[in-house]
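Order of the sequence lines fixes the chain letters, A, B, ..., with proteins taken first and strands second; residue numbering starts at 1 for each chain. Quick caveat: nothing in here was measured; it's all calculated off a predicted structure.
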2 protein chains.
Amino acid sequence: VLFERCAVVGVGLIGGSLAWAARRAGTVGEVVGVGRSEANLATARRMGIVDRTTTELAAIGPVDLAVLAVPVRSTAAIAQALRPHLKAGTVVTDVGSVKGAIVESLEPICLPDCPFVGTHPIAGSERSGAAAAQADLFEGSRCVVTPTAQTDADAQRRIEDLWRGVGAEIVVMSAEQHDRTLAWTSHLVHAISYALAKSAGDNVADLVGFAGPSLRDATRVAASSPALWRDIFFSNTAAVLDTIDGFQAELQGLRDAIESGDEAELMKRLDRAGAARALIEKRR
Amino acid sequence: VLFERCAVVGVGLIGGSLAWAARRAGTVGEVVGVGRSEANLATARRMGIVDRTTTELAAIGPVDLAVLAVPVRSTAAIAQALRPHLKAGTVVTDVGSVKGAIVESLEPICLPDCPFVGTHPIAGSERSGAAAAQADLFEGSRCVVTPTAQTDADAQRRIEDLWRGVGAEIVVMSAEQHDRTLAWTSHLVHAISYALAKSAGDNVADLVGFAGPSLRDATRVAASSPALWRDIFFSNTAAVLDTIDGFQAELQGLRDAIESGDEAELMKRLDRAGAARALIEKRR
């Protein structure tokens, strides 16, 4: 057992899946789930994701690990509210999709008494809430860990073991590198998916009838929680804007090749896209 | 039996699936598969998709139906080459993703002796070749039929029955309306998918490691045949350019809301995207 008593704040898709998987793996002892919605907590209890639940941060009791699994821009405020209820030595971790802003704001809140380790499991779906949790969500996935010069080495090792225990492969990188990489592989993808769903909806009268498999797959993540993605876009702004600009330039290049009838240029772009797609598919 | 003897030119994902499904449904008698690749034809024979195959259009014998299931810009040339081998009364149909350019070029080739009916089944995947064919590909799908003032009513009825027999729902519309609608729901989606795969590939060093489920789904169709999509982009150019422009304006609006920190505007766009996505998902 890596952590005897744990609190998971935010028993949703990620927090719920981690609690469930770690309990099954035996790497954690008792897990208390914390959330605002009693209905969601009841679902978590019914599914057997956590041992007990509470809507009050003050009621978690002494814990060895606190997992913050809440929307990115709520993380600092919740850490602040949670801090008085943590004993010295409690390891604090988060699972946010943006790391720079979170690591920067959480270290001053947690350190020096409570070691903080930022993580981001690269897994998930467009669904949310405890009902969407899966005990095998992280099997075969990657988890990025973003230590700083101030990170406690022992706490980092235990957090890495926690993720390995639920089936993830650990990748260590800086928060900045994480945010630039994920802007391309995830944040941009969500921006595109939202923009595509909206523009198709604004322009096609009978969307229900004409949506084929390509549109369905390309807009799947447009069903994701708007509040969650607003937070991510606003917390990784510079990188997200860069990737949107880079993508727009690429799409414009493809558009220009179509307009000018430049068959060689178009084929070169489509072929390179296909090669990149083969790499994207590889891990599956 | 709607058509006793049939030729399917192009025994790939769509042509192969139609031949297979129609033979199983009993709406066609003997089907001869025509293609350039003997290896692909051997696959089709081995899978039981067609009764016999040939690489020569001249060798098909007299047929009651000729299905053209080849890349969009090859359709007219193949129809021209096929025409001398068709008896009067042979119904000619195609399954191309673009209808305006095909209908316009095929009617003069086929009429008046051979009735022509343009169709487009809204089904498929990023895979190609006979090996990708599925006998149930069209179950629960839609098939668009695009008659003109010159279309033979009896031929149209039989073609519609052929598609109904393989599980498709028929939607009749003009070729122009089809091309505008499909530009939004399919052609644009493929352009975006190619551009996203290429720009992610150009900017992410370890794409294999960092591709998550959102990027995988959004780039699935970037694995589609480049030659096939080059043809579609070049055959529905005006509508494709319009949809790329409309999408880029939408993405730019989302980008501007992120850059300016306009939370209300961003949420409005994400919420409307989610509503459109719900319609897209509905039919599944």
Side-chain angles (χ1 to χ4, degrees), chain A residues 122 125 142 181 184-186 189-201 203-204 207-223 226 229-230 233 237 240-241 244 246-248 250-251 254-255 258-259 266-267 269-274 276-277 279-280 282-283, chain B residues 122 125 142 181 184-186 189-201 203-204 207-223 226 229-230 233 237 240-241 244 246-248 250-251 254-255 258-259 266-267 269-274 276-277 279-280 282-283:
Chain A
I122 302 178
S125 79
R142 277 193 166 192
T181 302
W184 278 108
T185 59
S186 169
V189 180
H190 283 75
I192 289 171
S193 184
Y194 281 117
L196 174 57
K198 180 170 178 303
S199 58
N203 286 282
V204 178
L207 201 54
V208 177
F210 283 96
S214 65
L215 184 63
R216 278 199 292 264
D217 276 8
T219 59
R220 180 180 58 78
V221 297
W229 281 91
R230 172 201 59 199
F233 294 144
T237 309
V240 168
L241 297 180
I244 291 177
F247 167 79
Q248 291 271 44
E250 181 62 47
L251 184 58
L254 200 148
R255 183 204 182 284
I258 296 172
E259 187 171 36
L266 180 64
M267 284 303 277
R269 287 174 184 268
L270 301 188
D271 285 338
R272 285 180 58 182
R277 165 60 194 173
L279 296 178
I280 292 167
K282 212 169 178 180
R283 224 182 126 71
Chain B
I122 302 179
S125 79
R142 278 193 165 189
T181 302
W184 278 108
T185 59
S186 169
V189 181
H190 283 74
I192 289 171
S193 184
Y194 280 117
L196 174 58
K198 180 169 178 304
S199 57
N203 287 282
V204 179
L207 201 53
V208 176
F210 283 95
S214 64
L215 184 63
R216 279 199 292 264
D217 277 8
T219 58
R220 180 179 58 79
V221 297
W229 281 92
R230 172 201 59 201
F233 294 144
T237 308
V240 168
L241 296 180
I244 291 178
F247 165 79
Q248 288 205 311
E250 181 62 47
L251 184 57
L254 200 147
R255 184 205 182 283
I258 296 172
E259 187 171 36
L266 180 62
M267 284 303 279
R269 288 175 184 266
L270 302 188
D271 285 337
R272 284 180 59 181
R277 165 60 193 174
L279 296 178
I280 293 167
K282 212 169 177 180
R283 224 181 125 73

| said: Using a 6.0 Å cut-off, check whether atom CZ of Arg272(B) has over 12 heavy atoms from anything other than its own residue. | reply: no
Which one, [options], leads in non-hydrogen pairs under 4.5 Å with chain A?
options                                    : result
Thr185(B), Thr181(B), Ile244(B)            : Thr185(B)
Gly274(B), Ser199(B), Ala223(B), Ala222(B) : Ser199(B)
Ala276(B), Ser214(B), Gly246(B)            : Ser214(B)
Ala195(B), Ala191(B), Ala197(B)            : Ala195(B)

Interface moiety of [X] toward chain B, non-hydrogen atoms closer than 4.5 Å:
X         : result
Ile258(A) : both
Ser193(A) : neither
Leu266(A) : side chain

| said: Would Thr237(B) and Glu259(A) count as a side-chain contact (heavy atoms from CB on, under 4.5 Å) here? Give the steps. | reply: CA-CA 7 Å; Thr237(B) 308; Glu259(A) 187 171 36; 5.6 Å; no
| task | For the pair Arg277(A) and Lys198(B), evaluate side-chain contact (heavy atoms from CB on, under 4.5 Å) and give the outcome as yes or no after the intermediate values. | result | CA-CA 8 Å; Arg277(A) 165 60 194 173; Lys198(B) 180 169 178 304; over 6 Å; no
Heavy-atom cut-off 4.5 Å, strictly under: side chain, backbone, both or neither for [X] against chain A?
X         : value
Thr219(B) : both
Leu241(B) : both
Leu196(B) : both

| remark: Interface check, chain B: of Val204(A), Asn203(A), Leu207(A), most non-hydrogen pairs under 4.5 Å belong to Asn203(A)
| Top residue by heavy-atom pair count (under 4.5 Å) with chain B, among Val221(A), Val189(A), Leu254(A), Asp271(A)? | Val189(A)
| request: Could you go through the side-chain contact (heavy atoms from CB on, under 4.5 Å) check for Leu215(A) and Trp184(B) one step at a time? | output: CA-CA 9 Å; Leu215(A) 184 63; Trp184(B) 278 108; over 6 Å; no
| said: Can you see whether Tyr194(A) has Arg269(B) sitting over its ring - NZ or CZ less than 6.0 Å from the centre and within 45° of the normal? | reply: no
| Is there a donor-acceptor pair under 3.5 Å between the side chain of Arg220(B) and the backbone N or O of Asp217(A)? | no
| query | What are the two closest non-hydrogen atoms of Gly212(B) and Ile122(A), and how far apart are they? | reply | CA-CG2, 4.1 Å
